[in-house]
Structure formats: structure tokens, C-alpha cells
Protein chains: 2
Amino acid sequence: MNNDQLIRITRYYRSLNRLKTIGLEKVFAHNLADAAGVSAAIVRKDFSQLGIHGQKRGGYEIHDLLVSLGEILGKGDSQNCIIIGCGRIGKALMHYNGFEPDGIRIVAGFDSDPLVYSDASHPVPIYPISRIDEVVEALQVTAGIITVPEQAASDSYERLLKAGVMGILNFSPITLKPQATEDGRMPVVHNINIALELEQIFYELKFPKVK
Amino acid sequence: MNNDQLIRITRYYRSLNRLKTIGLEKVFAHNLADAAGVSAAIVRKDFSQLGIHGQKRGGYEIHDLLVSLGEILGKGDSQNCIIIGCGRIGKALMHYNGFEPDGIRIVAGFDSDPLVYSDASHPVPIYPISRIDEVVEALQVTAGIITVPEQAASDSYERLLKAGVMGILNFSPITLKPQATEDGRMPVVHNINIALELEQIFYELKFPKVK
DNA sequence: GAGTTAATGTACACTTTTTCACATAAATAG
DNA sequence: CTATTTATGTGAAAAAGTGTACATTAACTC
């Protein structure tokens, strides 16, 4: 499966959940395409490639789709996540309640500052970064979110990999690159650079696409 | 200029700034490719298309590149930004100091809660959402960051457009779609969905690319 | 139950993006 | 000064992705 397709599938999944809560039971490729911001042809092609079949003229059963896509996306597996760097952004993410519907759980935070990790007034326990290995093992952590300052990003990244956390969501302005670990595993890294996003927006405003 | 290329250019710009602070003066397409995570051929092709020329065997002058790319990216223009929704994430972004090096300024926040907007202990003033039009005009705001709960996202979006803010960075889980305004202008919308990013990471971990 | 309509499924054409390959120019070495 | 090395610049090929068109099937209509 390619990357763009994966993005689309997570979008479909999300949109389908919305449609379901509204009370719909069936959906047409065209509707889903609108909701996910793609063309209807691509929706059909995606499903076709994934072995998902609808009913001619009847569209697709939302429930079936959610099950199929859910399996593909690995719903039901443990999706435990830790936060490295409990500054403002890290704490904000800890309190964020948009993860649960997707089965993602923030199970712990880490910080280098004793004042932070000895403070118990957080939704999840915060540990000193030195304890990362044991916590990762004990809580079956599979992904980590990096919300540390720029200069600490590489170190956090290495510690995560060393602790066996192969999924990384990086909010620091450094672009972290996936590199195979000693045991040959390849981490999955997504970099979100907020300043960069804004820059792109300003550019696109300045030079609108004429299309 | 296409979208992927724009992303690459902002990456080049950022990487070049780093290389410059290290003390380098020249850079080869190959180095920059590594730093930006693309292939060397694509770096050369990008520059070629942008009319940027290096020296055969000598690579590219970092300073010249930064000037050229800076012009393309519109550095030097006012890049004033407001934050809609001053919850934890909104406040965290207000305190974020990674915008300044890029010339981006957060100039105001907006919230619907009187307890929030009457509190003066923030780095920038916070106004009730009803005052958005006047503030946008007075402060020459060109972009807005949406950090409100899901149910308020569409409303925030519409208010921004109505106030004339055509650049939108949306952190709410709703995917906002650009739609031409009454006066025919097309907004630029970037959606960042954190849960979705994590989901993709979990998927990629589960089914590693074999390549 | 024949005709019409509505939606899927997919082959094919088209477009965009990336890589390859190599000509070109500059610097260095002998 | 000639040969060699190194990196740019770019046309052509390859690959990837998208859209179009239409055959196919199912439901509805009369």
C-alpha cells in the first residue's frame, strides 16, 4: 500500500465514523469522496485494490467498510503512546481527548526536569527520561510523540529507538529521518513542523494557483 | 510551482539555515538532498526550474540560495497570524518561539469564553471572537490557526473567511475544505490531524514497507 | 418482464513526478 | 597543458498517480 492511499484510508475511516453517527447505513463512492476530499474514481479504485466490494447500485455498507478498514488499520491492537517533553505542547497533547475514539492511548510522559516529573497533577504519570526503557516495556508502548525543544530532539529520538519504540511523531522543528536500527528494524517517523506549514500557507497566499 | 515542490523548498530553506549556522558556505545538491530527505537529482531539478544556478564542481553558495529561496517564499512580507481557540493547544502555540526565526508573528488570540479573553496573562492579547473583524483589519492578519474543539471548527472557519483571513492552519479533527468566497478568492487551508498521523504510524508499523 | 436508471469495477489514456544518463564546465593533479 | 575528477544541468525514459469512459450489475418503473 502506498502512502497517499494510507492517508486516504484513514480519512475514509474517519468520515465513515461520522456518517455512521449521523445514522446512515450505506454510502456511495461519490459521498465518501466528497467527505474525504478526493474523486469518486479513486475511492472505488482504493476499495477495489483492498478487496472491498460494494453492491452495484447499492453503494457500500458503512458497517462493513468500517470493519474492513478497521482491520487494515489495525484497530483493536494496542496503540499505546508516550510523550517525550512535557512542556506546553506535550501537556496539551496529554489532555487531548481526540485520541480515544481511535483507540490510541497516551500512557505516560517523560521530561528531564524534576519539577515536571515530580508533579502528579497530570492525566498520566510523568517519568524522568532515564526510566524510558522500563516504562516502555511495562506499558507495551509502540509509539512516541516528541515535543521537546530543538536541541533535545535528536537525543529524544535516539532514546526512543533504543527503548524499542519504532513509531515516532515529531513536533520539533528538526526533521528526524528514519534509520535502520542495529537489529535491522526500520522506524516510522512523521515530522510535523508547524512553522513550516504556516510558511507554506503564506507562500500559497502570495502566489495563488491559477488553475 | 507545485505543492510538493513548495514543501521541498521550505525544507531546503530550513536546512540551509542550519548549515549556515554550523559555518558552512557552500553546499552540494547531494548534501542538501540528504538534509531535506530527497534525491540529489530532484534538488538540482528544483533549482534548475527556479532559475537558481550553482557552480559546476563548486556546488551552491548557501547565502545566495537563502536569498533566492527567501524571495520565493516571501520572506520580509508581514506574516501576521491569529489563534482561534485559546485552550491548551492554542496557548501552547502562543508561547511557541519557533515562529520568529521565520518571520511569522502571532499577534492575537480569540476565544468564546470570557474567563479566557479577560485574562491578561498571555503573551498576546485575547479577544472575544465577535471582535475578529476589527482586529484582523487593524493588525493586518493574513493567517489564522484553528485550535478549537471539533464542534466549533466550522464556525471558526467561516468567521475567519468572513473577516478576510484567507490562510488557515486547522488543528481540529474536522477536515476543512477550501471553498471560494463570495468575492471569488480561494482560501488556503492546511489540516493537521494529530490522531490521524498516529494512526498512520501504527499502520506503517504493523505493515512495514518491504521495498 | 422489458426498459430505464444508478452505481460499481476496471481497462486505458493522460498527466505529473521522479529517476537515469550523460553532456558540460570547473578545479585539480601530474 | 593534458588528463582526470567532481559536481552541475537537463533531456529522455520510467514510474506513479489520476481521471475518463464504459461494461457490468442491480434495482426500480410501468
Side-chain angles (χ1 to χ4, degrees), chain A residues 1-12 15-16 19 24-69 72 177 200 203-204 207 209-211, chain B residues 1-12 15-16 19 24-69 72 177-178 200 204 207 209-211:
Chain A
M1 155 137 35
N2 95 37
N3 217 21
D4 289 349
Q5 196 180 19
L6 177 53
I7 292 173
R8 290 198 298 270
I9 289 170
T10 52
R11 291 239 164 89
Y12 298 153
S15 301
L16 286 166
L19 295 171
L24 298 183
E25 293 184 355
K26 297 198 172 187
V27 69
F28 301 131
H30 180 73
N31 307 136
L32 199 50
D34 277 353
V38 300
S39 78
I42 237 173
V43 171
R44 294 204 297 271
K45 185 151 282 184
D46 280 341
F47 289 173
S48 173
Q49 281 178 26
L50 295 170
I52 295 172
H53 296 272
Q55 298 139 293
K56 304 243 168 174
R57 197 191 160 111
Y60 301 85
E61 291 276 351
I62 290 182
H63 177 76
D64 295 354
L65 270 182
L66 281 171
V67 170
S68 301
L69 296 182
I72 290 166
K177 274 178 292 183
Q200 285 167 33
Y203 177 87
E204 289 173 48
F207 302 102
K209 286 172 196 162
V210 276
K211 271 192 183 177
Chain B
M1 155 137 36
N2 94 35
N3 218 21
D4 289 349
Q5 196 180 20
L6 176 53
I7 294 172
R8 289 198 298 270
I9 289 170
T10 51
R11 291 241 164 89
Y12 299 153
S15 301
L16 286 166
L19 295 170
L24 297 183
E25 293 185 354
K26 296 198 173 187
V27 69
F28 302 131
H30 180 72
N31 307 136
L32 197 50
D34 278 352
V38 299
S39 77
I42 235 172
V43 171
R44 293 203 298 272
K45 184 143 280 183
D46 278 340
F47 289 173
S48 171
Q49 280 178 25
L50 295 170
I52 294 173
H53 295 272
Q55 297 139 295
K56 302 240 167 178
R57 196 190 159 111
Y60 300 85
E61 291 275 350
I62 290 182
H63 176 77
D64 294 356
L65 270 181
L66 281 172
V67 171
S68 301
L69 296 182
I72 290 166
K177 275 178 288 186
Q200 284 167 33
E204 289 174 47
F207 302 103
K209 286 173 194 161
V210 276
K211 273 191 181 178

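Everything numeric in this text was worked out from a predicted model, so none of it was measured. In what follows, every heavy atom counts, from backbone to side chain, and hydrogens, waters and symmetry copies are set aside. In what follows, chains are A, B, ... by sequence order, proteins preceding strands, each numbered from 1.
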| query | Counting any heavy atom closer than 4.0 Å, what does B/Tyr60 reach on the DNA or RNA strands: base, sugar-phosphate only, or nothing? | reply | sugar-phosphate
| field | Distance in Å, B/Leu65 CG paired with B/Ile9 CD1, rounded so as to fall on 0.5 Å steps | value | 11.0 Å
| task | Report the distance from atom NE2 of B/His30 to atom C1' of C/dT19, rounded to the nearest whole Å. | result | 15 Å
| message | Any donor-acceptor pair, under 3.5 Å, between the side chain of B/Lys45 and the base of C/dT19, if you only look at N and O atoms? | response | yes
| Value in whole Å for how far the P atom of C/dA11 lies from CD of A/Gln49 | 11 Å
| message | Without decimals, in angstroms, what is the distance between B/Leu50 CG and D/dT8 P? | response | 15 Å
Could you go over nucleotides 23-26 of chain C and give all protein N or O partners under 3.5 Å, atom names and distances?
residue : atom : partner : partner atom : Å
C/dT24  : O2   : B/Lys56 : NZ           : 3.2

| query | Given atom CZ of B/Phe47 and atom P of D/dT10, what is their separation to the nearest angstrom? | reply | 14 Å
| message | Rounding to an integer number of Å, can you tell me how far B/Ile9 CD1 sits from C/dT17 P? | response | 13 Å
With 3.5 Å as the limit, what N/O pairs link the protein to nucleotides 13-17 of chain D?
residue : atom : partner : partner atom : Å
D/dG17  : OP1  : A/Asn2  : ND2          : 3.3
D/dG17  : OP2  : A/Asn2  : ND2          : 3.3

| request: Take A/Ala41 and B/Ser48, find for each the nucleotide of DNA chain D with the closest heavy atom, and name the residue whose nucleotide sits nearer the 5' end. | output: B/Ser48
| Nucleotide D/dA21, atom C1' - distance to CZ of A/Arg44 in whole Å | 11 Å
| field | Sequence neighbours excluded - side-chain hydrogen bond (donor to acceptor under 3.5 Å, both in side chains) pairs with any residue from residues 34-48 of chain A | value | A/Gln5-A/Asp46, A/Arg8-A/Asp46, A/Tyr12-A/Asp46
| said: At 4.0 Å (heavy atoms only), tell me whether B/Ala29 reaches a base, stays on the sugar-phosphate, or touches nothing. | reply: sugar-phosphate
